[in-house]
Amino acid sequence: MLQEKVKEITDLSGVYRFFDVHGHILYVGKAKNLRKRVTSYFQRTQLSPRIERMVSKIHHFEITVTRTETEALILENNLIKALAPPFNILFRDDKSYPYLMLTGHTFPRITSYRGKTDKKNTYFGPFPNSWAVRNSVQILQKVFLLRTCEDTVFKNRSRPCLLHQIHRCSAPCVGLIATSEYARDVGKALSFLEGDHASVMAELEDQMLAFSDELEFEKAAGVRDRIADLSGVLQQQSMDAVADGQTNIDILAVVEKTGQVCVNLAMVRGGRHLGDHAYFPSVVKVQGDIQSELKDYLLSFMSQHYLDEDVANDATVRMLPAVYVMNIDLGEEGELIQESLSAVIKKKVQFITHPQEQRRHWLKLAQDNAELSLLKRISENSGQSARSKDLVRTLGIEIDDTEQLRIECFDISHTSGEATQASCVVYQFHTMQNKEYRRFNIEDITPGDDYAAMKQVLGRRYAAFAELAAEKIPHIILVDGGKGQVEVARQVLTELGVDIRLIVGVAKGEGRKVGLETLIFADEREPLSLGIDNAALMLVAQIRDEAHRFAITGMRAKRQKTRNVSRLEEIEGIGAKRRQKLLARFGGIRGVAGATVEELSQVEGISSSLAQQIYKQLH
């Protein structure tokens with residue numbers, strides 16, 4: 001029946017999605033010709049082990065037709081990120097990429113930024129790490145005197161801050177620089193970031209001479225110092241000199257060891273080597289032709305890293321380089337990515353696999369760093385792998401691949417019943433899956449009732465247990481607590497129709513020392529005391545401690561927020577409207593607490609006496 005449906009597929013370009021018998025997504029792919037591509041899965045005899053396993057699970061498929069192959073590429077990438085199909089190559093990173101942001105204000109602010117970009121501001125990056133962003137901000141601050149303060153501080157300054165006094169800011173907050181002059185400095189900073197160092201230096205020199213001719217020697221000396229600072233920066237980077245017009249380059253190296261893969265990305269921006277970052281696919285085991293699979297991994301990385309819905313945003317175009325140096329030839333498959341990138345940045349994109357001189361040196365460094373990162377990860381995972389295997393063996397869990405072992409752990413945290421919060425952390429693929437962590441605000445219970453809190457969080461977490469994809473179903477549900485907590489978990493999961501054999505309680509030992517815990521079960525199994533040196537218990541303790549850390553940090557933040565807002569509410573004369581105006585003006589309770597009496601009194605509806613009351617209450 002599936003073979004018959006395949007024959008009905010269109011010859012147009014688009015995206016196809018494979019599903020298993022339960023309707024869970026298996027794989028997302030793109031094609032220039034949908035019918036030929038989908039048919040090939042059911043006719044080819046030499047499939048990679050990964051794809052062969054995927055084909056054996058296919059129950060039905062869906063297709064989406066696109067106007068061009070480039071649209072199919074971008075749609076495929078967005079669907080992979082959104083749906084995380086188990087048989088796609090998916091690169092995960094714990095954090096969003098750091099950018100350098102120039103805000104769209106009259107006096108733009110320079111700062112580091114993580115998150116979704118927009119058209120209101122100007123962005124440079126992504127940078128390989130936060131250090132590279134901070135370093136660039138410091139250079140721009142020192143040479144171009146751009147402000148870094150938050151808007152709440154900028155709007156409420158009455159005199160220049162310390163940064164102006166140490167020659168790190170031109171103090172636009174108090175009008176010490178004209179709008180046109182500040183805009184000129186911003187323009188120079190943009191040129192510097194784009195690698196046009198010569199014109200920036202020449203403009204600064206012309207400015208210095210102009211001040212000198214007008215006998216404004218103090219201003220001329222200030223520009224002279226900025227020229228000296230910029231010369232020092234450029235001299236430090238002289239070893240990284242590249243050809244004119246090619247100052248933005250990405251260097252990509254993909255390597256494999258013992259079936260594991262790492263892609264290392266090094267970035268050159270404005271002629272400056274900013275460092276590198278190692279990326280690892282979420283699940284990987286190279287089993288077929290190594291060179292062919294490494295090409296697939298690099299193709300997947302490039303489409304996910306460079307081509308998503310944000311590339312159409314004008315604000316992000318300047319982030320993408322025109323030159324990419326790599327250690328694998330992407331062949332015909334890479335031409336589509338190359339064409340798509342060229343269309344986005346409106347420049348011809350080069351893929352270079354046999355670089356010379358400085359680029360060759362950079363590629364060698366990227367490859368060496370990829371191998372070092374991979375060796376470190378393999379070493380770390382081998383210990384975790386052994387712990388996972390020992391836990392599977394100890395608890396008698398039926399699983400073919402211990403890498404797939406999924407553990408979800410719950411903990412409750414509060415301060416004498418105040419700001420109760422529950423945490424859920426996830427362990428899979430021999431590591432903690434930070435992106436899958438969740439916090440739950442616990443409400444409508446008796447303060448301090450941990451049993452009610454556990455009942456609420458488990459009910460909310462597993463209410464749709466039957467609809468979970470196979471790879472998201474936990475093999476173990478850990479609860480931090482003894483018989484009482486386990487009994488609550490048993491009652492909740494029984495009502496939801498979930499196998500109670502998944503429940504494992506972690507009862508603390510004498511003195512709450514790690515290694516003395518006892519494992520409590522919801523079925524008829526006897527409690528287990530494994531001993532202080534047991535690898536399985538060490539893994540359980542590690543996951544339990546991470547759940548506790550995640551819960552307690554969330555609880556403290558919630559408690560502090562509640563207490564601060566409560567303190568504001570307790571002030572006589574501060575109603576909902578005035579409280580809202582204060583929070584809006586200063587960007588939150590922290591900004592209100594940091595404001596002076598004078599600054600507070602500038603808010604509409606806040607008199608001098610009321611401002612003094614607010615200041616006294618919050619200090």
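Predicted model, so just to flag it, every value in this text is computed and none were measured.
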**Request:** Can you measure from CD1 (I249) to CE (M267) and round to the nearest 0.5 angstrom?
**Result:** 13.0 Å
**Prompt:** Any donor and acceptor pair, going by atom type alone, linking the side chain of Q367 with main-chain N or O of V255 inside 3.5 Å?
**Reply:** no
**Prompt:** Within a strict 4.5 Å, meaning less than it, do heavy atoms of the Y306 and I337 side chains meet?
**Reply:** no
**Request:** Measure from NZ or CZ of R37 to the centre of the six-membered ring of Y16, then state whether that distance is under 6.0 Å and the direction lies within 45° of the axis.
**Result:** no
**Message:** To the nearest 0.5 Å, what is the distance between CD1 on I407 and CD1 on I476?
**Reply:** 4.0 Å
**Asked** Quick one: which of L395, D545, L478 gives a side chain to side chain contact (heavy atoms under 4.5 Å, CB included) with V540?
**Response** L478
Pairs under 3.5 angstrom only: tabulate donor-acceptor contacts from the side chains of residues 21-31 to other protein residues two or more places apart or in another chain.
from	atom 1	to	atom 2	distance (Å)
H24	NE2	L468	O	3.1

**Fill in**
Taken to the nearest 0.5 Å, the spacing of Q350 CD from Y324 OH works out to 11.5 Å
**Message:** Any non-hydrogen side-chain atom of F280 less than 4.5 Å from a side-chain atom of Q260?
**Reply:** no
**Request:** Measure from the side-chain N and O atoms of D390 to the backbone N and O of A536, and report whether any donor-acceptor pair falls under 3.5 Å.
**Result:** yes
**Asked** If only atom types and distance count, is the side chain of S13 paired as donor or acceptor with the main-chain N or O of T66 below 3.5 Å?
**Response** yes
**Request:** Could you tell me whether the side chain of T402 and the main chain of K389 form a donor-acceptor pair under 3.5 Å?
**Result:** no
**Backbone N/O of I89 and side chain of Q304: donor-acceptor pair under 3.5 Å** = yes
**Prompt:** Does the N77 side chain pair with the main chain of S303, one donor and one acceptor, at a distance under 3.5 Å?
**Reply:** yes
**Message:** List the residues meeting side-chain hydrogen bond (donor to acceptor under 3.5 Å, both in side chains) with D20, not counting sequence neighbours, and say none if there are none.
**Reply:** none
**Prompt:** Can you name the salt bridge (charged side-chain N to carboxylate O under 4.0 Å, His left out) partners of R460, sequence neighbours left out?
**Reply:** none
**Message:** Measuring only between side-chain heavy atoms, which start at C-beta, is Y462 closer than 4.5 Å to P474?
**Reply:** yes
